[in-house]
Participant: 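Have a look at the structure that comes next, please.
Residues take their numbers from the sequence shown, with the count starting at 1.
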Amino acid sequence: MNVKNPSEIKQAPEANKGKEGKRGKMLSPCIREASETCLHGCCPAPNFLGNHGSSTSNPSSTPKSTETVVTTFRYDFTLATASSLCPDTQFTNHESLPSLQESYSYFIKAYPQFSQTDQADHIRAHEYYHLTLSNQVCLDYIGHGLFSYSQQQTQYNYPTPTIASTSSSPPPPQLLHFPEPIFFDISYKSVNLHTQVVYGGQESEVEFEMRKRIMGYMNISECDYTMVFTANQSSAFKLLADCYPFQKNPSLLTVYDYKCEAVDVMTESSKKRGGRVMSAEFSWPNMRIQSRKLRKRIGNMKKTRKKQGLFVFPLQSRMTGARYSYMWMSIAQENGWHVLLDACSLGPKDMDTLGLSLFQPDFLICSFFKVFGENPSGFGCLFVKKSSASVLKDSTFASSIGIVSLVPPSKPSEYSEDSISMDIETDKKQSKLENSKSHEIEEVSIKQKAPSLSELMELDRDHFESSQPKSAEIECRGLDHADSLGLVLISSRARYLINWLVNALMSLQHPHSQYGHQLVRIYGPKIKFERGPSLAFNVFDWKGEKIDPLIVQKLADRNNISLSNGILNHIGFSDKHEEERETKLEKCASDQVEGSNVVNKRKDERHSGISVVTAALGFLTNFEDIYRLWAFVSRFSDADFVEKERWRYMALNQSTVEI
């Protein structure tokens, strides 16, 4: 493997002045970050360099030597990442980027063990082939996928649909879909959370099978926890907030470096019931938890003797990829807090590292979607520790909406005419379904009358009856795939890909970078062994002005790349970065009130933040996906790229899909 030794990289700035000097300067902060190791045992440290690496482990190592080995692993990993691009690691023109094949050759030399994760590529090729057929890059899915695309097509004999994106600008539909839902339907229950947890209720066969499968997948014991299906993540948060006794335990302490809709729902509910809301703060610019402040807010129960409240902890940032120590849960529990673990942002099989026998949260929330890259609909799950169920109280708020049951799919006749689109702008034509010789779907011109509900029912009745599952037993092939890959393979694969992407994005420069304006800014951890598989970044023009994340997202959609956006908040600026407080937070706050009639509105720093573009990698993400994102972002080095795209789409008489 062509990896330079540490002395060669350290001497690069002095040995070469031009491009190599710039390269050395770029690598130095990454090396510093690698030396700041995470030693709380959250994740194993495999020998990612294989036999090529210099790191070795000694079974008889003392604690001190073990720490040295871990530090060496991180350091070697950073050096390998630095060599994962072409020798010229500064790119000022998208046309100068190496090809996909050339980039992959450098990538595999830096991470030779990545080839051992090819089982994930086989699963993608056989079970999620729609991603290749549609040429779509999906970096906007958060949660756990239940089923595979191939399973959906086989079980329901569906035609190939367009790709459904969770981003704000999905491509317009091109095919007439069969009525949803598939696999299962959701039925809302008017029941109190406390009643549901304590007394349970009648389960459908679908619900029983799904609950059993999910608890096994999440590594959660049915003897210790009760599971409740919810409509989504926000519903789970609100249900818990409505039933938690904030009158008795008044505090709500959250640890999020971004604006989370589910947490906002919980916050509003707790305030109405007398809760006192607090949040951890994160240091600029690395977005690390300000430990001293958080420790102070958790308090010391022995000294204060105050009743605490609910501690909401995510273990990992869904946006920046920052990971937090498990010990915060232990510290909170020792000081009288009830702990809610938000597992929605955790990757597949990450729960296997949790060690619930050591850190058993009182509550746990996660979310599931149906099919990766095709169907983001799904449900949430709220787990309540049985020994903590008595904490919950009856609430009239919690009986209105949120708890759901899973039932077999509804028949087409149960759908109303409102669900049928009346404005399909296509020419009248016929198309035969791949697996049905007798069915012909007639697409309707805008000038012609749309088909009635009875006509659609007649068209799809035979198809539905032949494809309806014969039993309530559900095969969750998406979960099966994650189980077959395992924690080590999934986490190693994600580590290689996300760190290469970070390194690649940081290599992009404007042609006139002497003015100090960078093309991409990454928020949170950069190249780091223990970072999560998500990324928050912004793109800046040659004048140093941030390009609106929504524009970046929409342009990515037009290039078949699905991204998300969000807002980083709870950022604490030290005196050293006081000037950046004004340029980063105030501008974002002014954007939020732009166009309103509010005059002299007081700027509340607690509610301001930084809008960012986000990308989330999953176990189905491959190298081509991240390369395409890198190539897309590099096009912003052209000062006229955004304007060219705007005029090009105006000339083609196309418009962006708005939500």
Participant: In the structure I gave you, are the side-chain heavy atoms of Ser150 and Arg477 within less than 4.5 Å of one another anywhere?
Facilitator: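 Ser150 reaches Arg477 side chain to side chain.
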Participant: I need the minimum non-hydrogen distance between Leu131 and Cys138, along with the two atoms involved.
Facilitator: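 Between these two residues, the closest heavy atoms are CD2-SG, 4.0 Å.
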Participant: Measure from the ring center of His144 to the ring center of Phe368 and say whether it is less than 6.0 Å.
Facilitator: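 When the ring centroids of His144 and Phe368 are compared, they turn out to be within the sub-6.0 Å range.
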Participant: Taking the side chain from Ser637 and the backbone from His510, do they hold a donor-acceptor pair closer than 3.5 Å?
Facilitator: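 Pair absent, no side-chain N/O of Ser637 close to backbone of His510.
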Participant: For Ser317 versus Asp257, what's the shortest heavy-atom pair and its separation?
Facilitator: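 Ser317 and Asp257 have their closest heavy atoms at OG-OD1, 2.8 Å.
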Participant: So do the side chains of Leu555 and Phe641 get within less than 4.5 Å of each other, counting heavy atoms only?
Facilitator: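 Of all side-chain heavy-atom pairs linking Phe641 with Leu555, at least one is under 4.5 Å.
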Participant: Quick one: are Leu519 and Phe540 in side-chain contact, heavy atoms under 4.5 Å?
Facilitator: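 Answer no - side chains too far apart.
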Participant: Give me the atom names and distance for the closest heavy-atom approach of Lys259 to Met319.
Facilitator: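 The pair with the smallest heavy-atom distance is O-CE, 4.5 Å.
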Participant: Show your reasoning for whether salt bridge (charged side-chain N to carboxylate O under 4.0 Å, His left out) applies to Lys349 and Asp352.
Facilitator: CA-CA 5 Å; Lys349 308 311 297 174; Asp352 288 354; 3.7 Å; yes
Participant: Which pair of heavy atoms, one from Gln136 and one from Ile561, lies closest together, and at what distance?
Facilitator: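 Closest pair (atom of Gln136, atom of Ile561, distance): NE2-N, 4.3 Å.
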Participant: Check whether any side-chain heavy atom of Gln316 lies under 4.5 Å from a side-chain heavy atom of Tyr324, and answer yes or no.
Facilitator: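 No - every pair of side-chain heavy atoms lies 4.5 Å or more apart.
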Participant: When you measure from the side chain of Ser492 to the backbone N and O of Leu489, does any donor-acceptor pair fall under 3.5 Å?
Facilitator: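 Answer holds: no.
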Participant: Taking the six-membered ring for Trp, are Phe91 and Trp630 ring centroids under 6.0 Å apart?
Facilitator: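 Between Trp630 and Phe91, which both carry aromatic rings, the centre distance is below 6.0 Å.
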Participant: Would you sort out whether Ser564 and Gln553 count as a side-chain hydrogen bond (donor to acceptor under 3.5 Å, both in side chains), showing the intermediate values?
Facilitator: CA-CA 7 Å; Ser564 299; Gln553 182 184 7; 5.3 Å; no
Participant: Could you tell me whether a side-chain N or O of Thr78 sits under 3.5 Å from a main-chain N or O of Arg74, the two making a donor and an acceptor?
Facilitator: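 Side chain of Thr78 to backbone of Arg74, a donor-acceptor pair under 3.5 Å: yes, one is there.
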Participant: Mind telling me whether Tyr149 and Tyr129 have parallel, tilted or perpendicular rings, with 30° and 60° as the class edges?
Facilitator: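 Perpendicular.
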Participant: Atom CG in Asp625, atom OG in Ser562: separation rounded to 0.5 Å?
Facilitator: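 Output value for this atom pair is 10.5 Å.
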Participant: Over all heavy atoms of both residues, which pair between Ala110 and Ala80 is shortest? Give the atoms and the distance, please.
Facilitator: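 In terms of heavy atoms, the two residues are closest at CB-O, 3.2 Å.
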Participant: Does Phe537 reach the side chain of Thr614, with side-chain heavy atoms less than 4.5 Å apart?
Facilitator: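 Not touching, per the 4.5 Å side-chain cut-off.
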Participant: Grab the two heavy atoms, one from Ser611 and one from Lys546, that are nearest each other, plus how far apart they are.
Facilitator: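 Answer, listing the atom of Ser611 first, then Lys546: OG-NZ, 3.0 Å.
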Participant: May I ask you to say whether Lys644 pairs ionically with Asp638, meaning some side-chain N is under 4.0 Å from a carboxylate O?
Facilitator: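 Between Asp638 and Lys644 there is a salt bridge, with a charged N closer than 4.0 Å to a carboxylate O.
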Participant: Between Leu139 and Leu629, does a side-chain contact (heavy atoms from CB on, under 4.5 Å) hold up when you go through it step by step?
Facilitator: CA-CA 9 Å; Leu139 301 174; Leu629 175 58; 3.7 Å; yes
Participant: Roughly how far, to the nearest 0.5 Å, is CG of Leu620 from NE2 of His481?
Facilitator: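 Interatomic distance, His481 NE2 to Leu620 CG, rounded to 0.5 Å: 8.5 Å.
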Participant: Does any non-hydrogen side-chain atom of Ile567 lie less than 4.5 Å from one of Val612?
Facilitator: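 No, side chains not in contact.
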Participant: What's the verdict on side-chain contact (heavy atoms from CB on, under 4.5 Å) for Tyr128 and Ile123, showing C-alpha distance, side-chain angles and the deciding distance?
Facilitator: CA-CA 7 Å; Tyr128 301 88; Ile123 291 175; 4.0 Å; yes
Participant: If I take atom CD1 from residue Ile527 and atom CG from residue Leu79, how far apart are they, to the nearest 0.5 angstrom?
Facilitator: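 Rounded to the nearest 0.5 Å, the CD1-CG separation comes to 10.0 Å.
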Participant: So Asn538 and Pro549, do their side chains get closer than 4.5 Å, heavy atoms only?
Facilitator: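 Sidechains of Asn538 and Pro549: in contact.
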Participant: Between the main-chain N or O of Val371 and the side-chain N or O of Asn375, is there a donor-acceptor pair closer than 3.5 Å?
Facilitator: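 No, Asn375 side chain to Val371 backbone: no donor-acceptor pair under 3.5 Å.
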Participant: Regarding Tyr256 and Asp342, do their side chains bring together a donor and an acceptor under 3.5 Å, going by distance alone?
Facilitator: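 A pair is found: one side chain offers a donor N or O, the other an acceptor, under 3.5 Å apart.
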Participant: Quick check on the 6.0 Å ring-centre criterion: do Tyr111 and Trp500 meet it?
Facilitator: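 Distance test on ring centres: not under 6.0 Å, no.
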Participant: Can you tell me how far SG of Cys260 sits from CD of Gln233, rounded to the nearest 0.5 angstrom?
Facilitator: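 Atom-to-atom, Gln233:CD and Cys260:SG are 5.0 Å apart.
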Participant: For Asp118, is there an ion pair with Arg493 - N to carboxylate O distance below 4.0 angstrom?
Facilitator: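 Between Asp118 and Arg493 there is no salt bridge, as every charged N stays at least 4.0 Å from the carboxylate O atoms.
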Participant: Strictly distance-based, threshold 3.5 Å: is any side-chain N or O of Glu624 a donor or acceptor partner for the main-chain N or O of Leu100?
Facilitator: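 No, Glu624 side chain to Leu100 backbone: no donor-acceptor pair under 3.5 Å.
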Participant: Above 12 or not: heavy atoms from other molecules or residues under 6.0 Å from CD of Glu102?
Facilitator: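 Counting neighbours around CD of Glu102, more than 12 heavy atoms of other residues, nucleotides or ligands fall under 6.0 Å, so yes.
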Participant: With a 3.5 Å cut-off and no angle check, do the side chains of Thr81 and Asn503 form a donor-acceptor pair?
Facilitator: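 No, no side-chain donor-acceptor pair sits under 3.5 Å.
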Participant: Let me confirm one number: the CH2-CD distance from Trp284 to Gln290, rounded to the nearest 0.5 Å.
Facilitator: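 Reported value, rounded in 0.5 Å steps: 13.0 Å.
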Participant: Could you tell me the separation between the OG1 atom of Thr320 and the CZ atom of Arg531, rounded to the nearest 0.5 Å?
Facilitator: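 Going from OG1 on Thr320 over to CZ on Arg531, the span is 7.5 Å.
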Participant: Run the side-chain contact (heavy atoms from CB on, under 4.5 Å) check on Ser84 and Tyr106 step by step: do they pass?
Facilitator: CA-CA 5 Å; Ser84 62; Tyr106 279 97; 5.8 Å; no
Participant: In terms of side-chain heavy atoms, does Ser234 have a donor or acceptor partner in Asn232 at a distance below 3.5 Å?
Facilitator: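 Short answer, no.
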Participant: Run the side-chain contact (heavy atoms from CB on, under 4.5 Å) test on Val613 and Val552 for me, step by step, so that the C-alpha distance in whole Å, both residues' side-chain angles and the decisive distance to 0.1 Å come before the verdict.
Facilitator: CA-CA 8 Å; Val613 183; Val552 176; 4.0 Å; yes
Participant: Any side-chain heavy atom of His570 within less than 4.5 Å of one from Ser279?
Facilitator: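 Counting from C-beta outward, His570 and Ser279 do come under 4.5 Å.
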Participant: Look at the side chain of Arg318 and the backbone N and O of Cys344, then say whether any donor-acceptor pair between them is shorter than 3.5 Å.
Facilitator: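 Judged by distance alone, no pair lies under 3.5 Å.
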Participant: Are the ring centres of Phe372 and Tyr141 closer than 6.0 Å?
Facilitator: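 Yes - the distance between ring centres of Phe372 and Tyr141 falls below the 6.0 Å cut-off.
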Participant: Can you check whether Phe623 and Phe107 have ring centres sitting under 6.0 Å from each other?
Facilitator: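 Yes.
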Participant: Please report the C-alpha distance between Arg628 and Asn559 in whole Å, then the side-chain angles of each, then the deciding distance to 0.1 Å, and finally whether the side-chain hydrogen bond (donor to acceptor under 3.5 Å, both in side chains) criterion is met.
Facilitator: CA-CA 9 Å; Arg628 286 179 56 188; Asn559 287 270; over 6 Å; no
